[in-house]
Amino acid sequence: MEGGPVRIGELARVTGATPRALRHYEHEGLIASRRASNGYRVYDEGAVARVRNIRYLLAAGLVLEDVRAFLPCLDGDMAAAPPSEGGIRIALDRLAVLDARVAAQTEARDRLAAALRRVTGGSRPAS
């Protein structure tokens, strides 16, 4: 890409996002486009960094609600920037949510395994 406006397919290609994800990010107010005369979505060159940063945060385990708090930072190099106190707090909160989900799933798995042991006499039935 040479720094000009890009259509949704090109933005998807260079960022690894799907066009559907890009439309969702736009719907959520994380990126913006304008319409070309033919009706196609056109994004400015800054959208590439913004989408890469959104994907970076999502890959780290955050959700779009969390990403919204990073709007002022999405146009820079987030991976290289030192973390902010607010960003660390958001990540710690999300980690706590994930830990709680893992614990709940582990408890459910353990209950199911115990029930199966009771009804099969300790051996697992063939799947």
**Q** Using side-chain heavy atoms (C-beta onward) and a distance below 4.5 Å, is V97 in contact with V63?
**A** no

**Q** Apply side-chain contact (heavy atoms from CB on, under 4.5 Å) to Y25 and L64, showing your working.
**A** CA-CA 8 Å; Y25 300 161; L64 284 181; 4.1 Å; yes

**Q** Heavy-atom count check: over 12 atoms from other residues, nucleotides or ligands less than 6.0 Å from R20 CZ?
**A** no

**Q** With the side chain counted from C-beta on, respond yes when V14 and R52 share a heavy-atom pair under 4.5 Å apart, and no when they do not.
**A** yes

**Q** So do the side chains of V51 and Y43 get within less than 4.5 Å of each other, counting heavy atoms only?
**A** no

**Q** Working to the nearest 0.5 Å, report the span between CG of L22 and CD1 of I54.
**A** 8.5 Å

**Q** Examine distances only and state if a side-chain atom of R7 and a backbone atom of Y40 form a donor-acceptor pair shorter than 3.5 Å.
**A** no

**Q** Work out which heavy atom in N53 is nearest to a heavy atom in C73; give both atom names and the distance.
**A** ND2-O, 4.2 Å

**Q** State whether the side chain of D110 and the backbone N or O of A113 hold a donor-acceptor pair below 3.5 Å, judged by distance alone.
**A** no

**Q** Under the side chain to side chain contact (heavy atoms under 4.5 Å, CB included) test, which residues partner S84, sequence neighbours left out?
**A** none

**Q** For R50 and L71, which heavy atoms make the closest approach, and how far apart are they?
**A** NH1-CD2, 3.3 Å

**Q** Decide yes or no for H24 and E28: does some side-chain heavy atom of the first lie under 4.5 Å from some side-chain heavy atom of the second?
**A** yes

**Q** Quick one: do R13 and E10 make a salt bridge, cutoff under 4.0 Å?
**A** yes

**Q** Test I90 against R94 for side-chain contact (heavy atoms from CB on, under 4.5 Å), laying out the working first.
**A** CA-CA 6 Å; I90 290 167; R94 182 57 49 201; 5.5 Å; no

